[in-house]
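In each ligand, atom 1 is the first atom listed, and ligand 1 is the first ligand listed. Residues take their numbers from the sequence shown, with the count starting at 1.
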Amino acid sequence: RKRVAVLISGRGSNMASLVNAAAEQDYPAEIVCVISDQSDAAGLHFASSQGIPTLVVSRRDFDSKDAHDAAIDAHLKAFKADIVALAGYMRLLTPGFVSQWQGRMINIHPSLLPLFKGLNSHRRAIDAGVRVHGCTVHFVTADMDDGPIIAQAAVPVLSNDTEAALSARVLKQEHRLYPIALRLVAEGKVRMEHGRTVCSGFEDGGADSS
Ligand code: GAR
């Protein structure tokens, strides 16, 4: 089983969905630690309750972004992490850190990328008048919410949708999608090569069966 570290900043519901998936016997990954940059992240309580080691690595304890990321990197190595899963980690990572984990770090974002990168994706989807919205799991590159796409899930945007209703609809799909995407990466069926997503090991030759 691949060793996965999850980085969070808050609620941690996507982290919880990965923890729950990894509790299944045949899941190809285990969650070996949860690291938060926020000491009051609610998700830390859930992780602890599941017996998963948790760490808080606060930005303010370091002089620079590089030093902060270096400290996180040292923890990941101490836990012998194979894969890093960002789950609502609301900090842009430094290029040096990202290159260390190239092809082994994934993120979930609440939009159909490349649309609506950054914050308030649901508000912006409603304002843009799109009729389809959703979530994306992608390999992390140095640019925010960028990088080769692993999997996506779509939901309808309903007339008179509120931001709360739409975000809840998307979040439900996030909780379904992230464990599927992590499984594909952990099994080596989806990899990042030369800045692109490459699939193999599927009977039909593609990842579309997810
Ligand atoms: C999730 O919707 C995730 O997709 C989003 O933050 C939320 C975290 O919720 N991430 C981003 O916006 C990253 N750019 P959670 O802490 O309950 O998983």
query: Do NZ/NE/NH1/NH2 and the carboxylate oxygens of Lys117 and Asp143 come within less than 4.0 Å?
result: no
- prompt: What residues come within 4.0 Å of ligand 1, counting heavy atoms only?
  reply: Arg11, Gly12, Ser13, Asn14, Gly88, Met90, Ile108, His109, Pro110, Asp145, Glu174
message: For the aromatic rings, using the six-membered ring if either is Trp, is the centroid distance between His109 and His138 under 6.0 Å?
response: no
- prompt: Who pairs with Arg191 by side-chain hydrogen bond (donor to acceptor under 3.5 Å, both in side chains), at least two apart in sequence or on another chain?
  reply: Glu193, Ser200
- request: May I ask you to list the residues sharing a hydrophobic cluster with Val132, side-chain cutoff 4.5 Å, ordered by chain and number?
  value: Leu112
message: How close do Pro156 and Arg169 get, counting heavy atoms only, and between which atoms?
response: O-NH1, 3.0 Å
With sequence neighbours excluded, residues passing salt bridge (charged side-chain N to carboxylate O under 4.0 Å, His left out) with Asp37: Arg91
